[in-house]
Amino acid sequence: MTLLQLKYIVKIVECGSMNEASHELYVSQPALSSSVKELENELGIEIFTRSSQGIALTVDGAEFLTYARQVLDQASLLEERYKNAKPRKQLCSVSTQHYMFAVEAFVEMINSIKSDEYEFTIRETRTKDIINQVANMLSEIGIIYLSDFNKDVIGKMLREKHLEFHPLFRAPLHVFIARTNPLAGKKKVTMDDLKPFPFIQYEQGEEGSFFFAEEAVWPEYSPKQINVTDRATILNFIIGLNGYTVCTGIDNGDLNNEKIVTVPLDTDETMLVGWITNERAKLSKAAETYLEKLKSVVASHGYKLID
């Protein structure tokens, strides 16, 4: 099947006859008829009924025409985009777990881009969605973490989808708590210390499991637990409900330091934070710039980068 054959079908329908279509297409009627017949044989359907009164679309033909027009519209968009002589927009898409440093680096990347036109996308979303978006090339880069608990499951999924994990830094675990929380002044807190307070975690959907959790550890049993989908909500709940969540400990200007603090968690567990890429894709210039800014932001918060 070719785009030319699709154009033939659409033109025949527009003209209402094979003869008139052949004139407009500057192709002989036998050649046009032969091309349509080849397409019908290839697809195993009859697109037109032929009679002494002319031709008409079959039921299968009417359905095929709908798809043919969609394909031709998409092809036209591609031609407009890549045959246009003017410089193209800079594009970059990143999917990430809910990390403030990932957003901070995205802002710095945009500020550094010297382009009159660009279209950038950042998605703070579920772990499984990040992996699928990079696998399907909806995003060039995904920001996730590995731990001793999830690395086998996540690693297997990455290999199956032809994705590569690039370590960025290793973070000892912390918790975000309200400055008014009685634990805020402690040098370290334990999971037992946190038992009286609501545990807040990012919801991972119906297919989610502990292996996809954004929190590297969680209480064995929490009588008060809240699932959320966005970072603003989790910060509001920490303040308003005196809750807590487990994190890397990196904050930035988005965090209200007057109301929220990070306190180290007394555990040997760590988070190996990194980015994933599709091994079949080459990163855009904007994506490479984003990685440079990401490393710079992480280093500025005092974390040692992994080569």
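Computed from a predicted structure; not experimentally measured. Along the sequence shown, residues carry numbers from 1.
The two atoms that bring Phe48 and Val36 nearest to each other are CD1-CG1, 3.9 Å, heavy atoms only. Residues Ile200 and Thr245 share a closest heavy-atom pair of O-OG1, 2.8 Å. Taking both residues in full, the closest heavy atoms of Gly142 and Val134 are given as N-CG2, 3.6 Å, listed atom of the first, atom of the second, then distance. In plain terms, the two heavy atoms of Ile144 and Tyr99 that are nearest each other are C-OH, 4.4 Å. Pairing each heavy atom of Val189 with each of Leu183, the nearest pair is CG1-CB, 4.0 Å. When every heavy atom of Ala102 is checked against every heavy atom of Leu294, the shortest pair comes out as CA-CD1, 4.1 Å.
In this structure, a donor-acceptor pair under 3.5 Å is absent between the side chains of Glu46 and Thr58. Residues Glu140 and Ser284 have side chains that bring a donor and an acceptor to within less than 3.5 angstrom of each other. A side-chain donor-acceptor contact under 3.5 Å links Thr190 and Asp193. Donor-acceptor pairing under 3.5 Å is recorded for the side chains of Gln97 and Thr127. Side-chain atoms of Lys161 and Asn136 form no donor-acceptor pair, as typed in the model, at a separation below 3.5 Å.
Note: the hydrophobic cluster containing Ile130 does not contain Leu138 (ILVMFWY, side chain heavy atoms under 4.5 Å, direct or indirect links). The hydrophobic cluster containing Leu158 does not contain Met137, counting ILVMFWY residues as joined when their side-chain heavy atoms lie under 4.5 angstrom apart, directly or transitively. A single hydrophobic cluster is not seen to contain both Val10 and Leu78; linkage of ILVMFWY side chains at heavy-atom distances under 4.5 Å, directly or through other members, places them apart.
Using a 4.5 Å heavy-atom threshold, the side chains of Lys7 and Thr2 count as separate. The side-chain heavy atoms of Ile154 and Phe165, taken from C-beta on, include no pair separated by under 4.5 Å. Glu14 is not listed as a side-chain neighbour of Glu24, based on a closest heavy-atom distance of 4.5 Å or more. At least one side-chain heavy atom of Gln133 sits less than 4.5 Å from a side-chain heavy atom of Thr125. Contact annotation: the side chain of Tyr145 never approaches that of Leu272 to less than 4.5 Å [non-hydrogen atoms, C-beta and beyond]. Residues Asn150 and Phe212 form no side-chain contact, since every pair of their non-hydrogen atoms from C-beta on lies 4.5 Å or further apart. Using a 4.5 Å heavy-atom threshold, the side chains of Thr248 and Phe101 count as touching. Put simply, the side chain of Leu241 does not reach to within 4.5 Å of the side chain of Lys224, judged on heavy atoms.
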Working for side chain to side chain contact (heavy atoms under 4.5 Å, CB included), residues Glu124 and Val103: CA-CA 9 Å; Glu124 287 189 324; Val103 177; 3.4 Å; yes

Just do the side chain to side chain contact (heavy atoms under 4.5 Å, CB included) check on His301 and Glu104 with the steps written out, would you? CA-CA 12 Å; His301 287 283; Glu104 184 179 352; 3.3 Å; yes

Kindly indicate, with the supporting measurements, whether the criterion side chain to side chain contact (heavy atoms under 4.5 Å, CB included) is fulfilled by Thr262 and Val175. CA-CA 6 Å; Thr262 58; Val175 292; over 6 Å; no

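Side-chain atoms of Ser300 come within 3.5 Å of backbone atoms of Val297 as a donor-acceptor pair (strictly under, hydrogens ignored). Remark: the backbone N or O of Asn19 is paired with a side-chain donor or acceptor of Ser22 at under 3.5 angstrom. When atom types are taken as modelled, the side chain of Ser139 and the backbone of Ile141 share no donor-acceptor pair closer than 3.5 angstrom. Without hydrogens or angle criteria, Gln204 side chain to Ala213 main chain gives no donor-acceptor distance under 3.5 Å. Put simply, the side chain of His174 never gets that close to the backbone of Val263: no donor and acceptor are under 3.5 Å apart. At distances below 3.5 Å, at least one donor-acceptor pair connects side-chain atoms of Glu203 with backbone N or O atoms of Gly205. In this structure, the side chain of Glu42 engages the main chain of Met1 through a donor-acceptor pair within 3.5 Å. A donor-acceptor contact shorter than 3.5 Å is absent between the side chain of Arg123 and the backbone of Thr121.
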Atom pairs and distances, side-chain donor-acceptor, residues 59-73, under 3.5 Å, sequence neighbours left out:
unit_1 : atom_1 : unit_2 : atom_2 : d
Thr66  : OG1    : Ala62  : O      : 3.3

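In the displayed structure, Asp268 atom CG is contacted under 6.0 Å by at most 12 heavy atoms of other residues, nucleotides or ligands. Heavy-atom neighbours of Glu220 CD from other residues, nucleotides or ligands within 6.0 Å: at or below the threshold of 12.
A salt bridge is absent between Arg126 and Glu214: the closest approach of a Lys/Arg side-chain nitrogen to an acidic carboxylate oxygen does not fall below 4.0 angstrom. Salt-bridge check for Glu288 with Lys285: failed, with every basic side-chain N at 4.0 Å or more from each acidic carboxylate O.
In this structure, Ile9 CD1 and Ser35 OG are separated by 7.5 Å, a value rounded to the nearest 0.5 Å. From Thr49, atom OG1 reaches atom CD1 of Ile55 across 8.0 Å, with rounding to the nearest 0.5 Å. How far CD1 of Ile47 is from CD1 of Ile12: 8.5 Å, rounded to the nearest 0.5 Å. For the atom pair NZ (Lys151) and CZ (Phe211), the distance works out to 13.0 Å, reported to the nearest 0.5 Å. To the nearest 0.5 Å, atoms CG (Leu163) and CE (Met157) are separated by 8.5 Å. Atom CD1 of residue Ile110 and atom OG1 of residue Thr289 lie 11.5 Å apart, to the nearest 0.5 angstrom.
If you look at Phe149 and Trp218, their ring centroids are closer than 6.0 Å.
Sorted by first then second residue, the ring-ring contact (aromatic ring centres under 6.0 Å, His included) pairs that include residues 180-202, not counting sequence neighbours, are His98-Tyr202, Phe199-Tyr244.
Shown here are the side-chain hydrogen bond (donor to acceptor under 3.5 Å, both in side chains) partners of Thr277, two or more places apart in sequence or in another chain: His166.
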